Student: 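To start, I am sharing the structure in question, which I have written as structure tokens.
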Amino acid sequence: MTNLTMMPEQATMLQTEYEFTLPAGYVDKQGNLHREGTMRLATAADEIVPLKDPRVQSNPAYLIVILLSRVVTRIGSVEMINPKVIEGLFASDLAYLQDLYNRINGNGMRSLQIICPHCEKDFAVELDMSGES
């Protein structure tokens with residue numbers, strides 16, 4: 001039987017913030033380009049609270065805007081990330097952040113269970129997360 005109890009020093013090793021580089025970059029009102037940023041892990045509230053937002057209720061596609069505005073903590077020198085900032089992103093950057101959100105908030109695993117077509121034995125294969133800072 002495997003012991004699933006975590007030692008206190010193991011619990012502090014959980015990575016909760018992830019740096020990223022936007023493909024195109026956010027252009028602020030002054031015309032400055034911001035590409036480097038940080039996203040934190042989502043909490044249960046980050047996924048539940050936006051569902052009550054009237055903008056999401058009238059347009060479910062707006063959920064990602066609200067969600068990203070809660071978990072992106074910085075884009076360049078912009079530290080007040082709100083829905084207007086996320087709305088101002090280029091489509092390629094929005095897609096990039098949505099993908100990053102899904103990867104870091106997935107099941108915590110960066111591997112896939114694979115079954116060998118020859119011996120029919122199953123094993124885990126680590127995923128290549130290229131492009132991740």
Side-chain angles (χ1 to χ4, degrees):
M1 179 177 238
T2 305
N3 183 355
L4 297 178
T5 306
M6 245 196 267
M7 301 302 291
E9 60 273 4
Q10 290 174 312
T12 61
M13 294 173 53
L14 176 65
Q15 183 176 354
T16 60
E17 289 197 334
Y18 295 82
E19 293 185 355
F20 60 81
T21 302
L22 295 173
Y26 172 70
V27 180
D28 65 21
K29 290 180 183 179
Q30 292 76 33
N32 300 313
L33 181 66
H34 306 273
R35 293 190 62 216
E36 306 295 320
T38 308
M39 180 184 292
R40 67 170 173 77
L41 286 177
T43 64
D46 291 325
E47 295 205 347
I48 296 168
V49 171
L51 297 174
K52 298 176 185 175
D53 189 296
R55 296 169 290 186
V56 174
Q57 291 177 347
S58 67
N59 181 3
Y62 200 75
L63 175 62
I64 192 61
V65 172
I66 302 292
L67 192 54
L68 289 176
S69 72
R70 293 177 62 97
V71 299
V72 173
T73 57
R74 179 185 61 81
I75 298 176
S77 62
V78 181
E79 292 184 358
M80 284 296 295
I81 307 300
N82 57 43
K84 284 288 182 201
V85 171
I86 302 300
E87 287 174 0
L89 293 172
F90 293 107
S92 61
D93 292 332
L94 181 66
Y96 173 84
L97 289 175
Q98 188 171 5
D99 180 60
L100 177 61
Y101 177 90
N102 289 332
R103 285 187 283 145
I104 70 173
N105 290 291
N107 63 4
M109 304 298 287
R110 294 178 182 232
S111 63
L112 292 175
Q113 281 301 120
I114 306 293
I115 298 174
C116 175
H118 302 291
C119 68
E120 296 183 4
K121 190 166 183 136
D122 68 320
F123 56 95
V125 174
E126 287 296 316
L127 299 175
D128 177 16
M129 296 296 177
S130 354
E132 204 174 274
S133 295

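Quick caveat: nothing in here was measured; it's all calculated off a predicted structure. Along the sequence shown, residues carry numbers from 1. Note: hydrogens, waters and symmetry copies are ignored here, and every other heavy atom, side chains too, is used.
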Student: Can you name the nearest heavy-atom pair linking V85 to M80, along with the distance?
Tutor: CG2-O, 3.9 Å
Student: Tell me if a side-chain donor or acceptor on N105 pairs with a main-chain N or O of A42 at a distance below 3.5 Å.
Tutor: yes
Student: Rounded to the nearest 0.5 Å, what separation is found between the CG atom of L68 and the CG atom of L100?
Tutor: 9.0 Å
Student: L51: which residues meet the side-chain contact (heavy atoms from CB on, under 4.5 Å) condition with it, sequence neighbours left out?
Tutor: L63
Student: Identify the heavy atoms of L41 and Q15 that sit nearest to each other, and give their distance.
Tutor: CD1-O, 3.3 Å
Student: Could you report the tightest heavy-atom contact between I66 and P83, atom names first, then the distance?
Tutor: CD1-CG, 3.9 Å
Student: D93: what forms a salt bridge (Lys or Arg N to Asp or Glu O under 4.0 Å) with it, not counting sequence neighbours?
Tutor: none
Student: According to side-chain hydrogen bond (donor to acceptor under 3.5 Å, both in side chains), who are the partners of D28, at least two apart in sequence or on a separate chain?
Tutor: N32, H34
Student: Looking at every heavy atom in both R40 and I104, which two are closest together, and how far apart are they?
Tutor: O-CD1, 4.1 Å
Student: For A44, give me all partners under side-chain contact (heavy atoms from CB on, under 4.5 Å), at least two apart in sequence or on another chain.
Tutor: I48
Student: For residues 73-85, which residue pairs qualify under salt bridge (Lys or Arg N to Asp or Glu O under 4.0 Å), counting only residues two or more places apart or in two chains?
Tutor: K84-E87
Student: Are I86 and I81 packed together at the side-chain level, in the sense that at least one heavy-atom pair is separated by less than 4.5 angstrom?
Tutor: yes
Student: Ignoring hydrogens and geometry, is there a side-chain-to-backbone donor-acceptor pair from D46 to T43 under 3.5 Å?
Tutor: yes
Student: Could you tell me which residues satisfy side-chain hydrogen bond (donor to acceptor under 3.5 Å, both in side chains) with S92, sequence neighbours excluded, listed by chain and number?
Tutor: none
Student: Report yes or no: does R35 contribute a side-chain atom to a donor-acceptor pair with the main-chain N or O of G25 at less than 3.5 Å?
Tutor: no
Student: What I'd like to find out is whether the side chain of F90 reaches to under 4.5 Å of the side chain of V27, using heavy atoms alone.
Tutor: yes
Student: Mark yes or no for whether N59, through its side chain, and R55, through its backbone, hold a donor-acceptor pair below 3.5 Å.
Tutor: no
Student: Could you tell me whether the side chains of E36 and T21 share a donor-acceptor contact shorter than 3.5 Å?
Tutor: yes
Student: To the nearest 0.5 Å, what is the distance between OH (Y62) and OG (S69)?
Tutor: 7.5 Å
